[in-house]
Amino acid sequence: MMQESLHPAGLDRAPAARFMRAESMKATVQRTLAAVREAMPSLEQMAERFSMSSRTLKRRLQGEQARYSDLVETEMRLRAERLLVEERLPVAEVAHQLGYHDVSNFSRAFRRWTGRTPREFRDRFGR
């Protein structure tokens, strides 16, 4: 008797419907973004990871009142907060790790996200 493979071809690029059964597309994208350790993937790269078009991913997120850019921005904010408070990295290093080439651009984004500069945030919430 022939035994079935436990790892069928295409398992790492499973159909999008498979993700929708276990959790919402928004939650799946959030979980995936949290696991990314390098630059945030574009909408197109994320859609490819789920074996769907970028338009389909965008439409599914819209169906859950979510936008990909907002999910990416939230993940960036959470990472910045963690790096500033828990890791105590210099602001320039946090900016670099988040993909900003200019510290002032990062500082403006961080202030938009939190209402505080990175240094103010660290002073208030740092350990």
Would you indicate whether the side-chain heavy atoms of [Y] and [X] approach each other to under 4.5 Å?
{"X": "Thr117", "Y": "Val91", "value": "no"}
{"X": "Gln30", "Y": "Lys26", "value": "yes"}
{"X": "Arg116", "Y": "Arg124", "value": "yes"}
{"X": "Arg79", "Y": "Arg37", "value": "yes"}
{"X": "Val29", "Y": "Phe50", "value": "yes"}
{"X": "Gln62", "Y": "Arg67", "value": "no"}
{"X": "Glu81", "Y": "Glu86", "value": "no"}

Shortest non-hydrogen separation from [X] to [Y] and the atoms involved:
{"X": "Leu57", "Y": "Ala47", "answer": "CD2-N, 3.7 Å"}
{"X": "Leu33", "Y": "Glu75", "answer": "O-CG, 3.9 Å"}
{"X": "Arg122", "Y": "Pro90", "answer": "NH2-N, 4.2 Å"}
{"X": "Tyr68", "Y": "Pro41", "answer": "OH-O, 2.6 Å"}

Leu71 and Leu61: CA distance, side-chain angles, deciding distance, side chain to side chain contact (heavy atoms under 4.5 Å, CB included) verdict: CA-CA 10 Å; Leu71 298 177; Leu61 288 172; 4.0 Å; yes
Salt bridge present between Glu44 and Lys58 (N-O < 4.0 angstrom): no
Distance-only donor-acceptor check, side chains Ser53 and Thr56, under 3.5 Å: yes
Rounded to the nearest 0.5 Å, what separates atom [atom1] in [X] from atom [atom2] in [Y]?
{"X": "Arg59", "Y": "Met25", "atom1": "CZ", "atom2": "CE", "answer": "12.0 Å"}
{"X": "Glu93", "Y": "Leu84", "atom1": "CD", "atom2": "CG", "answer": "11.0 Å"}
{"X": "His96", "Y": "Leu83", "atom1": "NE2", "atom2": "CG", "answer": "11.5 Å"}

Side-chain (Arg77) to main-chain (Trp113) donor-acceptor, under 3.5 angstrom: no
Test item: Gln45 side-chain N/O and Ser42 main-chain N/O as donor-acceptor pair under 3.5 Å: yes
Pairing residues for Asn105 by the side chain to side chain contact (heavy atoms under 4.5 Å, CB included) criterion, not counting sequence neighbours: Tyr100, Asp102, Arg108
From CA spacing to verdict: side chain to side chain contact (heavy atoms under 4.5 Å, CB included), Met40, Met76: CA-CA 8 Å; Met40 288 289 144; Met76 297 271 285; 3.8 Å; yes
Parallel, tilted or perpendicular: ring planes of Phe125 versus Phe121, cut at 30 and 60 degrees: tilted
Qualifying residues under salt bridge (charged side-chain N to carboxylate O under 4.0 Å, His left out), relative to Arg82, sequence neighbours excluded: Glu87
